[in-house]
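Quick note: numbers below take in every heavy atom, side chains included, and nothing from hydrogens, waters or symmetry partners. Per chain, numbering begins at 1; letters A, B, ... match sequence-line order. Everything numeric here is computed off the predicted structure, so don't read it as measured data.
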Amino acid sequence: MSTTAIASNFIKSIVEEDLRTGKNNGHVITRFPPEPNGYLHIGHAKSICLNFGLAREFNGACHLRFDDTNPIKEDVEYVESIKRDVRWLGFDWGDNMFFASDYFDQLHDYAVALIRRDKAYVCSLSTEEIRAYRGTLTEPGRDSPYRNRGIEENLDLFARMRAGEFEEGRHVLRAKIDMASPNVSLRDPVIYRIKKAAHHRTGDTWCIYPMYDFAHCLSDSIEGVTHSICTLEFENNRPLYHWFLDTLETPCHPEQIEFARLNLSYTVLSKRKLIQLVQDKTVSGWDDPRMPTISGMRRRGVPPQALRSFCDRIGVARADSMVDISLLEHCIREVLNIRAPRVMAVLRPLKVVITNYPEGHVDELEAPLHPENPEMGNRTIPFARELYIERDDFMEEPPKKFYRLAPGREVRLRYGYYITCREVIKNDHGEIMELRCTYDPASRGGGTPDGRKVKATLHWVCAQTAKPAQVRIYNHLFTTANPNEAPEGKDFRFNINPNSLEVLEGCQVEPHLAGAESGSRWQFERLGYYSVDPVESTPEELIFNRIISLRDTWAKVQAAEGKNAS
RNA sequence: UGGGGUGUCGCCAAGCGGUAAGGCACGGGUCUUUGGAAUCCGCAUUCGGAGGUUCGAAUCCUCCCACCCCAGCCA
């Protein structure tokens, strides 16, 4: 697994070319500019990896800048979560954490400068009137009757807007560009509006707030950003980005470059929809392990390097796309396979009594924590007369391709002994309650002197020493690859998977897991990767989250057989 | 129906006039004390379509088609 060769992409090429031609005196300054109005998700991770990755690769800097120009949507809770998530992903903004609100004074002065140049005016049309005057996609707009107000009057009105003399909606400041532009975003866009709301950082200092298009390009310029990378939907705004910087005297003129945002199958990546899932209680919160949020994935146990590796592999381009979630799952397994110590856990226990094993005797077996990495050391596993195996690992009437335990059949208990099933004990309802087996004392550790083969190796746990645990199995949050495709009159929630969470009680885990650290990640052999839930697990009541299952070719065989049968 | 974009394997994605990289998925083999991992092999005579230019086109030109974005005092 090579992680050094990061695939190139068109943005990297632009930066390289700029460096080659000495465009920004050899500087590369990017920025990740979230609005603190929600939690970060894997789509943001793509942007974070791109922006911080570029800075890292070209010896530049990436600023973390909060685009906090709309006080009614934003909150410190979100800025804290965003900082935590970026850090956890493995990136460092150093001293470069900024807020658009840091620049409110300068931004205000730029607005005044625009008025002085007769490039902005106070418009007193209502919201509805502004919309009507804007025209449509196919018809040009009409000039606002306030468009030719004198500079002095504009200055006075804008000062009074700032002073709080007017109610919200009474006036706005607009850039004077071109009401007939085929690009609607150039039809005299609003750049300041009155909002009598407290801002999470500036409190009630302001009652007018700048709009994104105005604040963003100027913030970039103030910070000396060289490459302002954003997603495709801002492409229409690019001429506006340049208009402000060309019209005003600014420190520098960054280049805006757009790329396609990430779409991932079987989930949704829009803050609006994610917030809906949280508010609906479809999930337990932003950090619900089923969420595609950074915090959800962190809680689930996904390692940050898996997310980085995923972002490297999906590439950066301009075509709309939907990445198959199996690629993410592959990246997670790839990291965990190398790093997760192996242990045994039985999720759906079936009791096994070894009839020829001495009662009361407990054997201590040695097993490596990672069969391919001896440096990880060993653990001891107790073995006794009563054990648990997985219910799925036994079939009374096994089909052709099932080669686990069945009546009369011999299998290996991993790192234990060979056992042979002698008897099936059932209750009055015909349910299998227990298996009576015999073991071969010569097979201790999992091999025999005669070298005979068994078809299967099962995981197991010693009944008297095992620790009980709860295990939470997560499946895709949606049942369809593109949840946004719903029947007429339904929205994405129509496709929510009712079985996205399965809680398994009464699981039995080997005693080595007794002191497992919060958040620690393990492979439960033959099952998958699991982590100790950092929020609800306690030493007394262990709770594990399934991060991802192992690849399961047996499940594939079963699915194929099922298909043939029907 | 205005403007701005995008179309290369099931899903991503290189390619930038010299004869289709890579990853995921999928199928098969080897190995195996995880039906895991590892490893090997296979997987686009063809680049949205149709014309044209050229010795040569996914790359250049023309026309057409499909999809995405824009009419917030959101970002």
Exercise. Would you mind reading off the distance between A/R339 atom CZ and B/G36 atom C1', rounded to a whole angstrom?
Key: 19 Å

Quiz item: Mind checking who B/A13 pairs with, Watson-Crick or G-U wobble, both distances under 3.5 Å?
Solution: none

Quiz item: Of all the choices, B/C73, B/C24, B/G36, which nucleotide is nearest to the side chain of A/S326 once you look at every atom?
Solution: B/C24

Quiz item: So does A/K195 get a side-chain nitrogen or oxygen closer than 4.0 Å to the phosphate oxygens (OP1/OP2) of B/C74?
Solution: yes

Quiz item: Could one point to a donor on the side chain of A/R313 or the base of B/G22 with an acceptor on the other under 3.5 Å away?
Solution: no

Practice problem: Scan A/M211 against the nucleic acid and name what it touches under 4.0 Å (heavy atoms): base, sugar-phosphate only, or nothing. | Solution: sugar-phosphate

Quiz item: Taking atom P of B/G10 as reference, at what distance in whole Å does atom CG of A/D324 sit?
Solution: 13 Å

Exercise. With heavy atoms under 4.0 Å as the rule, sort A/S321 into base, sugar-phosphate or nothing.
Key: sugar-phosphate

Exercise. Ignoring the backbone of A/L137, work out which of B/G36, B/C70, B/G4 is nearest its side chain.
Key: B/C70

Quiz item: Can you find a donor-acceptor N/O pair under 3.5 angstrom joining the side chain of A/D320 to the base of B/C67?
Solution: no

Practice problem: Using a 4.0 Å heavy-atom cut-off across all strands, classify A/L125 as base, sugar-phosphate, or nothing. | Solution: base

Quiz item: Which of these, A/F66, A/W206, A/F104, sits in a ring pair (Phe, Tyr, Trp, His ring centres under 6.0 Å) with A/H199?
Solution: A/F104

Exercise. May I ask you to say whether A/D392 pairs ionically with A/R404, meaning some side-chain N is under 4.0 Å from a carboxylate O?
Key: no

Quiz item: What does A/N237 touch in the nucleic acid at a heavy-atom separation under 4.0 angstrom: a base, only the sugar-phosphate, or nothing?
Solution: base

Quiz prompt | Rounded distance (Å) that lies between atom C1' of B/A14 and atom CD1 of A/I11 | solution = 16 Å

Quiz item: Between B/G36, B/A25, B/C73, which one does the side chain of A/E372 approach most closely?
Solution: B/G36

Quiz item: Do A/R379 and A/E366 sit within salt-bridge range, that is, some charged N less than 4.0 Å from a carboxylate O?
Solution: no

Exercise. Side chain of A/V184 only, please: which of B/A71, B/G36, B/A75 is the nearest?
Key: B/A71

Practice problem: Using a cut-off of strictly less than 4.0 Å, decide whether A/R551 has a side-chain nitrogen or oxygen near OP1 or OP2 of B/A38. | Solution: no

Quiz item: Is the shortest side-chain N to carboxylate O distance from A/E410 to A/R452 below 4.0 Å?
Solution: yes

Quiz item: A/D220 and A/Y241: which non-hydrogen atoms are nearest, and at how many Å?
Solution: OD2-OH, 2.7 Å

Quiz item: What does A/E168 touch in the nucleic acid at a heavy-atom separation under 4.0 angstrom: a base, only the sugar-phosphate, or nothing?
Solution: nothing

Quiz item: Charged N to carboxylate O under 4.0 angstrom, A/E223 versus A/R31?
Solution: no

Exercise. Kindly say whether, by distance alone, the side chain of A/N236 makes a donor-acceptor pair under 3.5 Å with the base of B/G3?
Key: yes

Quiz prompt | Minimum-distance nucleotide (side-chain atoms of A/E233 versus B/A37, B/A75, B/G72) | solution = B/A75

Quiz item: Base, sugar-phosphate, or nothing: which does A/R187 touch, judged by heavy atoms less than 4.0 Å apart?
Solution: nothing

Quiz item: Do the side-chain N or O atoms of A/T553 get closer than 4.0 angstrom to the phosphate oxygens (OP1, OP2) of B/G36?
Solution: yes

Exercise. Write down the distance between CZ (A/R414) and C1' (B/A37), rounded to a whole number of angstrom.
Key: 11 Å

Self-check item: Length of the line joining A/F10:CZ and B/G7:P, which is rounded to integer Å
Solution: 11 Å

Quiz item: From the list B/C74, B/G35, B/C69, which nucleotide is the closest neighbour of the side chain of A/R526?
Solution: B/G35

Exercise. Name the pairing partner of B/A21, where a pair is Watson-Crick or G-U wobble with both distances under 3.5 Å, or state none.
Key: none

Practice problem: Please work out if A/P371 contacts a base, only the sugar-phosphate, or nothing of the nucleic acid, heavy-atom cut-off 4.0 Å. | Solution: base

Exercise. Kindly give the heavy-atom pair with the smallest separation between A/R261 and A/L269, and that separation in Å.
Key: NH2-O, 4.3 Å

Quiz item: Using purine N1 to pyrimidine N3 plus N6-O4 or O6-N4 for Watson-Crick, or N1-O2 and O6-N3 for G-U wobble, each under 3.5 Å, what pairs with B/G7?
Solution: B/C65

Quiz item: So which nucleotide does B/A38 pair with, by the Watson-Crick or G-U wobble rule with both distances under 3.5 Å?
Solution: B/U30

Self-check item: Candidates B/A75, B/U34, B/C12 - which lies nearest the side chain of A/V323
Solution: B/C12

Self-check item: Pair A/R134 + A/D188, salt bridge at N-O below 4.0 Å
Solution: no

Self-check item: A/R261 vs B/C69: side-chain N/O to OP1/OP2 distance below 4.0 Å
Solution: no

Quiz prompt | A/Y212 aromatic ring stacked with six-membered ring of B/A75, 5.5 Å and 30° | solution = no

Quiz item: Just checking A/Y192: base, sugar-phosphate only, or nothing, at a heavy-atom cut-off of under 4.0 Å?
Solution: nothing

Quiz item: Which part of the nucleic acid, if any, lies within contact of A/S265, taking any heavy atom under 4.0 Å across all strands shown: a base, the sugar-phosphate backbone alone, or nothing?
Solution: nothing

Quiz item: A/R131 side chain N/O closer than 4.0 Å to the phosphate oxygens (OP1, OP2) of B/C73?
Solution: no

Quiz item: How is A/R404 classified with respect to the nucleic acid when contacts are heavy atoms under 4.0 Å: base, sugar-phosphate, or nothing?
Solution: base

Quiz prompt | Rounded distance in Å between the C1' positions of B/C9 and B/G23 | solution = 13 Å

Quiz item: Looking across every strand, which nucleic acid part, if any, lies under 4.0 Å from A/I130 by heavy atom: base, sugar-phosphate, or nothing?
Solution: base

Exercise. For A/I314 and B/G23, give me the distance from atom CD1 to atom P, rounded to whole Å.
Key: 17 Å

Quiz item: Does the side chain of A/H330 get closer than 4.0 angstrom to OP1 or OP2 of B/C24 through an N or O atom?
Solution: yes

Quiz item: In Watson-Crick or G-U wobble terms, both distances under 3.5 Å, what is the partner of B/U59?
Solution: none

Practice problem: Look at all strands and tell whether A/K556 reaches a base, only sugar-phosphate, or nothing, counting heavy atoms closer than 4.0 Å. | Solution: sugar-phosphate

Self-check item: Short side-chain N/O contact from A/R193 to OP1 or OP2 of B/A75, under 4.0 Å
Solution: yes

Exercise. Using a 4.0 Å heavy-atom cut-off across all strands, classify A/V316 as base, sugar-phosphate, or nothing.
Key: sugar-phosphate

Practice problem: Considering non-hydrogen atoms only, spot the tightest contact between A/H108 and A/R162 and give its length. | Solution: NE2-NH1, 3.4 Å

Quiz item: What distance, rounded to whole Å, do you find between the two P atoms, one in B/U54 and one in B/U45?
Solution: 28 Å

Quiz item: In terms of side-chain heavy atoms of A/P182, which of B/A75, B/G2, B/C73 is nearest?
Solution: B/G2

Exercise. May I have the distance from A/N70 (atom CG) to B/C73 (atom P), rounded to whole angstrom?
Key: 12 Å

Quiz prompt | Spacing between A/L550 atom CG and B/U34 atom C1', to the nearest angstrom | solution = 7 Å

Quiz item: Base, sugar-phosphate alone, or nothing: which one does A/Y209 contact when heavy atoms must sit under 4.0 Å apart?
Solution: nothing

